[in-house]
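What follows is a single structure, written as structure tokens, with notes after it.
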Protein chains: 2
Amino acid sequence: MATYLIRKLEQFTQLSSEDKQKLERAAAAKVRVVRPREDIIREGDKPRQVNLILDGWACRYKVLEDGRRQIVGFLVPGDVCDIRMFILKQIDHSMGALTPVRVAEIPSDTLLDVIDTSPRLTRAMWWNSLVEEAISREWTTSLGQREAIERLSHLFCELYFRLKAVGLTENGQGRKSFEFPVTQDQLADATGMSTVHVNRTLQLMREQELIIWKGKTVTIPDLEALMSVAMFNANYLHLDRDGHELDANEP
Amino acid sequence: MATYLIRKLEQFTQLSSEDKQKLERAAAAKVRVVRPREDIIREGDKPRQVNLILDGWACRYKVLEDGRRQIVGFLVPGDVCDIRMFILKQIDHSMGALTPVRVAEIPSDTLLDVIDTSPRLTRAMWWNSLVEEAISREWTTSLGQREAIERLSHLFCELYFRLKAVGLTENGQGRKSFEFPVTQDQLADATGMSTVHVNRTLQLMREQELIIWKGKTVTIPDLEALMSVAMFNANYLHLDRDGHELDANEP
DNA sequence: CGGCCGCTTGAATACCGTCAATTATAGTGG
DNA sequence: CCACTATAATTGACGGTATTCAAGCGGCCG
């Protein structure tokens with residue numbers, strides 16, 4: 001159940017089988033299914049438990065008084081939505097399902113117990129938080145400095161690397177692809193662009209063979225080229241096993 | 001020395017005198033002075049210790065390959081730059097001084113000891129991280145959805161509330177003010193606008209009496225009005241003592 | 001097969017960026 | 001104390017990127 005989370009954390013350090021079992025047990029407790037367009041949790045709610053995305057896509061978003069909406073991050077399998085947020089009276093942003101989503105509802109205490117009794121897991125979860133913060137800063141940078149085509153390219157790069165880390169990409173004859181069940185409207189809300197401009201920029205990207213997007217599958221024919229357009233530097237995702245000295249010593 | 005940090009944390013929960021002494025002792029260890037335009041820490045560096053801003057203004061920023069720069073957050077007295085970042089091989093963004101800055105260099109272990117031996121401080125520092133993340137999301141929202149005048153207004157609101165929390169604002173006859181030693185160039189880098197447009201938007205804001213900016217002092221004649229233009233909702237800063245049930249029981 | 005949702009297109013326009021030059025302010029040294 | 005210099009703020013003109021509005025197309029699902 002917690003396979004994706006485990007895979008992700010192992011980008012930082014190799015977990016022990018005990019670590020993994022603990023996570024599996026915690027995640028197996030209670031599973032909720034959220035339908036597309038429904039919220040997993042809504043701004044103003046009192047946080048109750050930790051939500052772990054088992055399957056499907058969701059997003060974090062904020063809504064302004066006048067209805068303008070900004071998606072501030074995508075949530076994919078393995079993402080933990082709101083660890084430690086239970087200390088707040090109310091949550092400050094919403095999380096909504098983009099596809100049918102299976103969410104593990106883990107009592108905060110349970111998860112903290114699991115994490116805090118293993119120094120390795122403690123560090124791995126710190127790492128996870130640090131990466132999330134870095135992603136958020138990168139979004140700010142994209143929205144502030146990158147123009148349309150760079151911004152979209154950067155987002156596709158981010159998602160490719162994140163999905164690769166949890167094993168949700170394919171790699172056929174050098175062309176990398178992944179499921180991308182997001183509409184152009186949602187892409188517009190995420191990049192701070194109008195839908196029309198997203199559409200036109202995507203056409204440009206297809207012409208330049210930066211991406212192929214058919215149905216719900218995105219293919220990247222030439223990752224180097226896409227990264228170059230995006231000025232993408234993967235360092236901020238910290239996928240190079242920064243915590244290898246903590247690796248569990250198992251066969 | 002750690003006065004501002006203590007004041008900030010007490011927006012979440014009342015600390016005990018022991019908590020405060022521990023923080024004071026940790027922050028007194030080693031103090032470094034960084035001059036304007038110098039970096040406190042640079043992207044790619046190996047994080048060595050935790051940096052606490054004692055005095056002065058700094059910012060977090062990212063630089064793209066072609067030199068474009070985005071400021072992704074302001075750092076003011078009481079802000080902790082990089083707690084827990086020492087587990088990473090290299091840091092993913094830079095922090096630069098905007099004014100002369102006094103920084104307390106706290107060994108990571110020292111700070112973790114202090115924090116982890118007091119459940120109250122543990123929670124208070126969680127809260128601090130959650131607020132920083134929320135601020136980052138709000139910047140993304142501003143850059144994505146708010147137009148120029150709203151964006152600048154929102155930033156002034158954020159800074160007013162943050163500075164008020166650490167006691168760095170004045171309140172003369174209903175007009176709120178604070179030191180704001182930031183140039184229009186830097187403001188442009190922070191809001192993702194050109195300097196020219198920042199300048200013109202500020203003129204507009206002065207005409208509408210949303211702000212008065214003389215020398216290095218910003219005055220807000222009518223906070224309600226500014227908040228309204230910015231569509232500012234202070235909830236995300238969580239300044240309403242969410243952790244009051246942890247309050248230390250002291251006179 | 002009809003309807004809805006998402007994608008696409010065109011035209012007009014607004015917002016904001018760039019370039020380049022000028023004015024103001026502050027810090028420095030004679 | 002004042003000239004000198006660097007930095008910061010301001011202005012005008014122009015162009016480009018992106019938004020808005022509105023309409024048409026197309027595929028998927030009941």
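In what follows, chains carry the letters A, B, and so on, assigned in the order in which the sequence lines appear, proteins first and then strands, with residues in each chain numbered from 1. Small disclaimer: the values here were computed from a predicted structure and weren't measured.
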- [ ] Decide side-chain hydrogen bond (donor to acceptor under 3.5 Å, both in side chains) for B:S94 and B:D39; before the verdict, give the C-alpha distance in whole Å, the side-chain angles of both, and the deciding distance to 0.1 Å.
- [x] CA-CA 7 Å; B:S94 303; B:D39 283 329; 5.0 Å; no

- [ ] Check each residue of residues 201-212 of chain B for a non-hydrogen atom within less than 4.0 Å of any atom in DNA chain D, then write out the ones that pass by number, or none.
- [x] B:Q203, B:R206

- [ ] Check the pair A:R162 / A:E158 against salt bridge (Lys or Arg N to Asp or Glu O under 4.0 Å), numbers first and verdict last.
- [x] CA-CA 6 Å; A:R162 285 175 59 191; A:E158 173 199 314; 2.7 Å; yes

TODO: Applying side-chain contact (heavy atoms from CB on, under 4.5 Å), name anything that partners A:R200, two or more places apart in sequence or on another chain.
DONE: A:V196

- [ ] Scan for salt bridge (charged side-chain N to carboxylate O under 4.0 Å, His left out) pairs involving residues 168-179 of chain B, sequence neighbours excluded, and state none if there are none.
- [x] none

- [ ] Enumerate the residue pairs fulfilling ring-ring contact (aromatic ring centres under 6.0 Å, His included) with a member in residues 163-185 of chain A, sequence neighbours excluded, ordered by first and then second residue.
- [x] A:W57-A:F180, A:F156-A:F180, A:F180-A:W213

Open item on the list: Test: salt bridge (charged side-chain N to carboxylate O under 4.0 Å, His left out). Region: residues 210-237 of chain B. Which pairs qualify, not counting sequence neighbours?
Closed with: none

TODO: Please identify each residue that fulfils side-chain contact (heavy atoms from CB on, under 4.5 Å) with B:R7, with sequence neighbours left out.
DONE: B:T3, B:Y4

Open item on the list: Short of 4.0 Å, heavy atom to strand atom, which residues of residues 140-155 of chain A count as contacting DNA chain C?
Closed with: none

Open item on the list: Using the salt bridge (charged side-chain N to carboxylate O under 4.0 Å, His left out) criterion, which residues pair with A:D82? Sequence neighbours excluded.
Closed with: none

TODO: Indicate yes or no: does A:D79 engage A:K8 in a salt bridge with an N to O separation below 4.0 Å.
DONE: yes

Task: Student check: side-chain heavy atoms of B:L88 and B:M85 closer than 4.5 Å - done: yes

Task: Neighbour count above 12 (heavy atom, 6.0 Å) for A:R42 CZ - done: no

Task: Between P of C:dA24 and CH2 of B:W213, the distance in whole Å - done: 19 Å

Open item on the list: I'd like to check the salt bridge (charged side-chain N to carboxylate O under 4.0 Å, His left out) partners of A:E133; sequence neighbours left out, ordered by chain and number.
Closed with: none

TODO: Can you tell me the distance, in whole Å, between the CG atom of A:N199 and the C1' atom of C:dA11?
DONE: 16 Å

Open item on the list: Just to be sure I understand the geometry, which residues of residues 184-198 of chain B put a non-hydrogen atom under 4.0 Å away from DNA chain D?
Closed with: B:Q184, B:V196

Open item on the list: Using the side-chain hydrogen bond (donor to acceptor under 3.5 Å, both in side chains) criterion, which residues pair with A:D92? Sequence neighbours excluded.
Closed with: B:R137, B:H238

Open item on the list: Could you tell me the boundaries of the chain B footprint on DNA chain D, defined by atoms under 4.0 Å from its heavy atoms?
Closed with: D:dT7 to D:dA13

